[in-house]
Amino acid sequence: MVSENISEFYCAVCSENEIQINPHVLKVLQETTETENVTLKLSGSHHLRNVQRLDDQDILALSKCLKNNKRVTGLDLRYNNITDEGVGHLAELLQEESLALRSLDLMLNDFQINGAEVLAKSLECNSTLLSLRLSGNKMESRGAMQLASSLQVNNTLQELQLADCDLDTQSVIAFSIVLKSNRTLLSVDISRPLLFSLQEWAVHFSDMLALNSSLVELHLGKMGLSDIGMERLTEGLRQNHGLRYLDLRCNRVTRDGVRFLAGLLEQNPSLEVIDLSSNRIEDVGAMYLSEAVALPGCSLRELSVCCNNIGRKGLLSLAHSLAVSTTLSHLYIWGNLLEEPVCQAFRELTSSGRLPAEQTDVSAYEVDGRVFLAEVFQRLRKHYIRTNCSETDTSTTSNTAAEPFKKHASSTDSNFPPHTSEQRVPLQSNLNPPYTHQHPNRL
């Protein structure tokens, strides 16, 4: 049995290197079944029981166990205490030619610049990893620049998450430069950087979106995006027909910025999911969106406008557009001004089946002849596509995408040749010095 072999091997490695056995790791390895495509779920946070979080020594023992292992294709190491040293052990593992690892999740650990640099170097010679999630680790500008540089060589990575990693303007723009030529990345998340400039990054991302036809999912939450930035971003999106999911939550977009987005929806048939939660679009902005959604050519399927100070006119307009739209099927509105006419309109939508209960975040109820809406804890899915690295332990939720990465990869890789180290471009040549008189945008 594989479970017996790998768990016994782990105990032997710990004994040989004088490393204390981590009961959480041992339990997961013992429960590993004899099958292909296994994901080791070693998250340091478990909702049912206390677990001992992994440290650098645990990673050393684990990486030794996984050398030459072709069955383990996913590593979930979120919420642990892994520092730069532990990431160094994982970087060595990623350089093994016999490795079958396709997914590595290191969200919310403790590694910083040095860890990001060694990880970036390992990506340059790795040809198996499809998904890398690093959100919540403070790699700052230098670490992020190294990762951006490695993407000019790596031609297999398809998902990269770098939210809340203390990226600055320079590194954010560096990723936009890389994405102009990278044809394998399908999903990128750079939410919540530390930006000192105003909307300079939006100009660079607009240029990138005009050239990149392979990116499917883009997360730009908590970027300080304003109406001017939205205007610039939509200029590039008008020429882009590959992006399906656009995350713009927690920005500074008002009705004027949404007007540009609504105009885009009238012309761009590719966008299917938009997250505008926690902006300031108000009634007029919601009406702009409603007009665009009601048009026959609009392909928008899922929309979130939670917490946008939308009142009766805007919400009734959205309800009407949902009734006439042939594509919009998910609508999330909680956190706005839900007056009784709005409550009645959404009760009719849900009771008629036009807006299924599992595809919205409100539920109608009646008290003393008056209709109200209660919050239902359902949200817009967080991702459009995800790598299914485990066929034996894959959970399906409302946030799980219906289309796996491989389907998109097969369509994009056939059209574009792989980029190599000879195609490197300077990542700072087009950058202006970051402004220092503005406060960081941390929402």
Side-chain angles (χ1 to χ4, degrees), residues 1-32 38-123 125-126 128-129 131-140 143 146-147 161 165 389-390 393:
M1 292 289 289
V2 172
S3 59
E4 295 174 357
N5 291 339
I6 195 169
S7 59
E8 290 176 0
F9 188 29
Y10 169 70
C11 293
V13 169
C14 289
S15 176
E16 179 182 350
N17 294 272
E18 298 182 351
I19 299 174
Q20 185 176 358
I21 293 176
N22 186 316
H24 177 39
V25 176
L26 182 60
K27 178 179 176 62
V28 171
L29 294 180
Q30 289 174 338
E31 293 174 350
T32 302
V38 175
T39 295
L40 297 181
K41 297 198 172 184
L42 293 166
S43 171
S45 177
H46 199 286
H47 65 286
L48 294 179
R49 56 187 175 88
N50 292 327
V51 297
Q52 180 178 327
R53 293 189 172 184
L54 280 66
D55 58 20
D56 296 333
Q57 291 295 96
D58 295 322
I59 296 301
L60 172 60
L62 186 62
S63 61
K64 288 181 177 293
C65 290
L66 295 180
K67 286 184 179 180
N68 302 317
N69 188 308
K70 295 185 179 295
R71 298 183 184 273
V72 176
T73 57
L75 265 182
D76 179 359
L77 299 171
R78 295 171 295 168
Y79 310 112
N80 283 298
N81 299 323
I82 304 170
T83 68
D84 293 338
E85 179 185 346
V87 172
H89 300 317
L90 291 170
E92 293 178 5
L93 179 65
L94 288 175
Q95 297 180 50
E96 293 288 329
E97 294 183 359
S98 59
L99 189 70
L101 198 65
R102 299 204 298 265
S103 173
L104 177 60
D105 192 340
L106 288 168
M107 291 173 57
L108 293 165
N109 275 277
D110 295 326
F111 72 87
Q112 300 179 4
I113 298 173
N114 292 336
E117 288 180 337
V118 297
L119 201 56
K121 291 178 181 177
S122 69
L123 283 178
C125 55
N126 178 277
T128 62
L129 201 64
S131 172
L132 182 60
R133 303 164 196 163
L134 305 176
S135 297
N137 295 285
K138 309 305 180 182
M139 64 186 66
E140 302 179 5
Q146 287 291 333
L147 281 169
Q161 291 187 17
C165 287
C389 293
S390 170
D393 192 10

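Predicted model, so just to flag it, every value in this text is computed and none were measured.
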Please report the closest heavy-atom contact between [X] and [Y], naming both atoms and the distance.
X	Y	value
Q112	D84	N-OD1, 2.7 Å
T73	A100	CG2-O, 3.6 Å
C11	I21	SG-CD1, 3.9 Å
C65	V13	SG-CG2, 4.1 Å
R102	L129	C-CD1, 3.6 Å

Nearest 0.5 angstrom please: [X] [atom1] to [Y] [atom2], how far?
X	Y	atom1	atom2	result
N5	T32	CG	OG1	11.5 Å
L60	E92	CG	CD	8.5 Å
E8	Q30	CD	CD	9.5 Å
E117	L119	CD	CG	11.0 Å

side-chain contact (heavy atoms from CB on, under 4.5 Å) evaluation trace for D58 with L42: CA-CA 11 Å; D58 295 322; L42 293 166; over 6 Å; no

When you measure from the side chain of [X] to the backbone of [Y], do you find a donor-acceptor pair of N or O atoms at a distance under 3.5 Å?
X	Y	value
N22	H24	yes
N126	S122	no
R53	Y79	yes
S135	M107	no
D55	N81	no
S63	I59	yes

Test item: [X] and [Y] side chains (from C-beta on) under 4.5 Å apart, heavy atoms:
X	Y	answer
K70	S98	yes
L62	L75	yes
R78	L108	no
H89	K64	no
L26	S7	yes
K41	V28	no
Q161	S131	no

Q95, CD: over 12 other non-hydrogen atoms inside 6.0 angstrom: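 Counting neighbours around CD of Q95, more than 12 heavy atoms of other residues, nucleotides or ligands fall under 6.0 Å, so yes.
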
Working for side-chain contact (heavy atoms from CB on, under 4.5 Å), residues I6 and N69: CA-CA 9 Å; I6 195 169; N69 188 308; 3.7 Å; yes

Derivation of the side-chain hydrogen bond (donor to acceptor under 3.5 Å, both in side chains) call for D76 and S43: CA-CA 6 Å; D76 179 359; S43 171; 4.9 Å; no

Derivation of the side-chain contact (heavy atoms from CB on, under 4.5 Å) call for K27 and R49: CA-CA 12 Å; K27 178 179 176 62; R49 56 187 175 88; 3.7 Å; yes

Matching residue for N109 among V87, T83, I82, L134 - test: side-chain contact (heavy atoms from CB on, under 4.5 Å):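 Of V87, T83, I82, L134, side-chain contact (heavy atoms from CB on, under 4.5 Å) with N109 is met by I82 alone.
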
Stepwise side-chain contact (heavy atoms from CB on, under 4.5 Å) test for Q57 and C14: CA-CA 9 Å; Q57 291 295 96; C14 289; over 6 Å; no

